[in-house]
Amino acid sequence: MVSGPGGHDPASVPPPRDPDNPEHGNAPGRVSEPPRDPATSGRGNVSGRVSESPRNPAGPGNALGRVPAPSGDPDGSRHGHDPASGPVPPPRDPADPRQWCAVAAAWLGRDRPEAALEAARRALDLDPRSESGADWGYRLASLAFERLGRDAEAVAAAEEAVRLAPGSWAARMRLGAALRRVPGRWRESRAQAARAVRYAPEEPDPHVLAGDLALLRGEYGLAEAAYREALRHLPGHPGARINLGLAQLRWERPRVHHDPAWPVDPRETSRARRALETWSRQTRILLAAALVAVCAAEFGFGLAAVARIGGGLILLAVLAITLRQAHRVRLWSYVPGMLARDLWLSTSVSITLVAVTAYVAVVATLPTEIPPLLHTPVSGAPGAVWAGLAGLVLLNGAVLLVLRVLVEAWRGRPGRALAEFAAAGDDRTARRDVNVTLWLVAGRVWSVPVAVVVAVAVLDERSWALAALAVPLVLGWARGRVGPAPALTRALASDRVLAAALALPASASVLLGAAGVATLLGFAPVGEWVWWAGIVLLALPVAMFATRSIRAWWRGAPGPWRASLVMCDGRGSRLPGDAAPPVGLSGEVRAAFTYARGVVLAYADPSGPRALAVGAVSSVGPSGELRLIAASDAWEAAERDPRVAVFVADPLDRRFWAEVRGIAIGDTEADLLRITPKEVVVGEYPGRHQGRAHRG
């Protein structure tokens, strides 16, 4: 666990009075996306823009785990990384904590969390008085802990970063990202993500985190809106692209039965789900086997009484299975919610109850002779009902499997999802999701000609086969909407089975349509031959899908099904925004705020932007935090929109001016506004030669 200096809890820092409301007004001036450069701003006519602010302590006795940096593998080749990236060079100044933080960020960019954690620990050990933005070190340590699977330590480090920099959007985002992995703390994670969005709406990564949290809960509309907002600020954001595609596919995470907002460990609900699934599976298999035995005893050996008694005793075995599995479900209060969230769990439970009812009816109405369905078509309503109930008991598993494959193929908008995956570039997660989505498209394409074949068989009218010609036309239209996508071309070129699974149903559709045309033109023999050729082509993709599925199941690899889709977790060469360096104040700017007596605070008001003369800055923290004594209207404005700007002039000879744009949070204990810098702008006053012209 990571604890801050003095054991302070981050909750002791007074938060904004409306932290859960992401709505805000216009800031006093547009804040552009700052570069990721920890250097402080300089002087001159061109303003220097610096990213996020520091708040850094490394308290004595920080408990970051001392993980030795990896040795003997400097290029990371044994970890599956590109050796061309090379090792991360050590800092030029080993006594500079910010340089150690930069090294930690570089190791995280190479997905080497062990080395990153060691570098972050060195940075925190070197900065015991919080003078170099140690919230950066804690944020990097939290990210490293998270990638190592040490979620509790990741949360502790992130909470310390928030305690040090309560107005930092990056610290809030890091805490939100860490909390989402802790059972029962999803609501806290969402609150921190909302604060990050409120503090930095111009940054894409807080919007991506908010979208991820909505996607994990199945709130697809909110997720799409958040991802589109992130892409508006950074169109090339790979995580937003990939996860937007998943939202359009109506992706379901592996534990879809569990609501992340529930204050219960998902492992507990997973145990309850497994008990329900086991009960359903065992009951349906037992009833099917029992019905076969009952029919064999009745029709094969003429033991009617034995068949009925034995069939009735099977219900006692069903009762024993039910009691045994019910004892394992310890969270009955959550079962209705689990059934509402998990479509296939509720379907499996429902069909089991129906199968039990059908089994009782079949055994109770067991005929005394072989029913007609075993050798001739069923005649009469009673025979048809009995045959249907028996088929439900025997074939419900196969029907459920086919139904699931078809529903998963037709759920969502795969065309739009493929466009988003393709726009993500050569990302490994995008490539995997493209492959799985193409299999879903293949299932959708296959189901249309199959439906045509069924319609022709039921209606006994071959002319309905003309509807199959719509399949290649729709495929061409969808391909045009996706546009040029090298990712799709590469996926089909590298997987010939997948390409065939897409091409064969389309070819079968053409053959079926041609058979309908031939029948209408009077070429019935030719149409019959073409018809059966199309049906044979439709059987081949089934064999391909089954072979690929069995092979994936045997190897434990991702298969051609929806469950193989994965979210983008932000790993790779592009680090998330919560690893960005904080903003620092140069010596000139720090001196200007310390000694000036003409400080102006600008903030948003319902009537428009306003400026308020503060008089002087109470103090400037070692990390650059400004502490102001402001009037009540400034406090109220900060509660509505914490984004403010503070202006100051050079108090000595008025050579330059400085503007600090940041986040204002009220400290009620000290009666101060604490402003965490997000951006610093410095400029010189114009001289006479730059003054405007005067008449005459």
Side-chain angles (χ1 to χ4, degrees), residues 211 214-215 218 220-228 230-232 235-252 404-427 429-452 467-495 497-510 541 544-545 548 558-568:
L215 181 60
Y220 301 112
L222 295 177
E224 287 192 36
Y227 293 136
R228 293 190 188 282
L231 292 172
R232 190 174 70 86
H237 196 293
R241 287 288 179 192
I242 295 171
N243 295 345
L244 175 58
L246 294 178
Q248 292 171 335
L249 274 176
R250 298 302 185 258
W251 172 78
E252 293 178 342
R404 180 166 186 170
V405 170
L406 293 177
V407 169
E408 289 189 348
W410 282 94
R411 188 178 185 186
R413 296 166 289 181
R416 295 185 180 182
L418 285 172
E420 298 297 341
F421 297 152
D426 192 25
D427 185 273
T429 303
R431 292 198 302 269
R432 172 171 168 172
D433 289 343
V434 163
N435 188 276
V436 175
T437 306
L438 287 175
W439 274 106
L440 297 177
V441 172
R444 185 175 291 195
V445 173
W446 175 84
S447 64
V448 175
V450 168
V452 171
L469 294 175
V471 172
L473 298 178
V474 173
L475 275 178
W477 172 79
R479 182 66 183 87
R481 287 200 64 181
V482 173
L488 304 185
T489 305
R490 287 195 301 269
L492 295 175
S494 60
D495 192 341
V497 175
L498 173 58
L502 277 168
L504 287 174
S507 302
S509 300
V510 174
M544 294 176 179
F545 177 81
R548 179 62 61 87
W561 45 69
R562 180 178 285 268
S564 297
L565 294 168
V566 291
M567 287 181 64
C568 180

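Only this structure's heavy atoms are used, side chains among them; waters, hydrogens and symmetry mates stay out. Worth saying up front: this structure is predicted, and the values here are computed from it rather than measured.
- Residues that satisfy the side-chain contact (heavy atoms from CB on, under 4.5 Å) test with Ala223, not counting sequence neighbours, are Ala214, Leu215, Tyr227, Ala247.
- Taking the side chain as every heavy atom from C-beta outward, Met544 and Leu504 approach each other to under 4.5 Å.
- For the residue pair Ala240 and Ala230, the shortest heavy atom distance occurs at CB-CB, 4.2 Å.
- Between the side chain of Arg432 and the main chain of Ser564, a donor-acceptor pair closer than 3.5 Å is present.
- Arg562 places none of its side-chain heavy atoms less than 4.5 Å from the side chain of Val436.
- Within the structure, side-chain hydrogen bond (donor to acceptor under 3.5 Å, both in side chains) contacts touching residues 436-451 (residues at least two apart or in different chains) are Trp410-Ser447.
- Using a 4.5 Å heavy-atom threshold, the side chains of Val434 and Arg490 count as separate.
- Nearest heavy-atom pair, Ala442 versus Ala501, reported as atom, atom and distance to 0.1 Å: CB-O, 3.8 Å.
- Counting heavy atoms from C-beta outward, Asp495 and Leu438 have side chains that stay 4.5 Å or more apart.
- Rounded to the nearest 0.5 Å, atoms NE2 (His237) and CD1 (Ile242) are 10.0 Å apart.
- In terms of heavy-atom proximity, Val452 sits nearest to Ala468 at CG2-N, 4.1 Å.
- The heavy-atom pair separating Leu440 from Ala409 by the smallest distance is O-CB, 3.8 Å.
- A pairwise comparison of heavy atoms in Gly425 and Ala430 identifies O-CB, 4.3 Å as the closest pair.
- The two residues Thr429 and Met567 come nearest to each other via the heavy atoms CG2-O, 3.7 Å.
- Rounded to the nearest 0.5 Å, atoms CD (Glu408) and CG (Leu565) are 9.5 Å apart.
- Taken to the nearest 0.5 Å, the CZ atom of Phe545 stands 11.5 Å off from the CG atom of Leu498.
- Applying the side-chain hydrogen bond (donor to acceptor under 3.5 Å, both in side chains) test to residues at least two apart or on different chains, the pairs with a partner in residues 242-251 are Asp212-Asn243, Glu224-Arg250.
- Residues Leu249 and Arg411 fail the side-chain proximity criterion, which asks for heavy atoms closer than 4.5 Å.
- Under a 3.5 Å cut-off, the side chain of Arg241 and the backbone N or O of Pro235 do form a donor-acceptor pair.
- Two residues are said to be in side-chain contact when any heavy atoms from C-beta on lie closer than 4.5 Å; Pro505 and Val471 fail this criterion.
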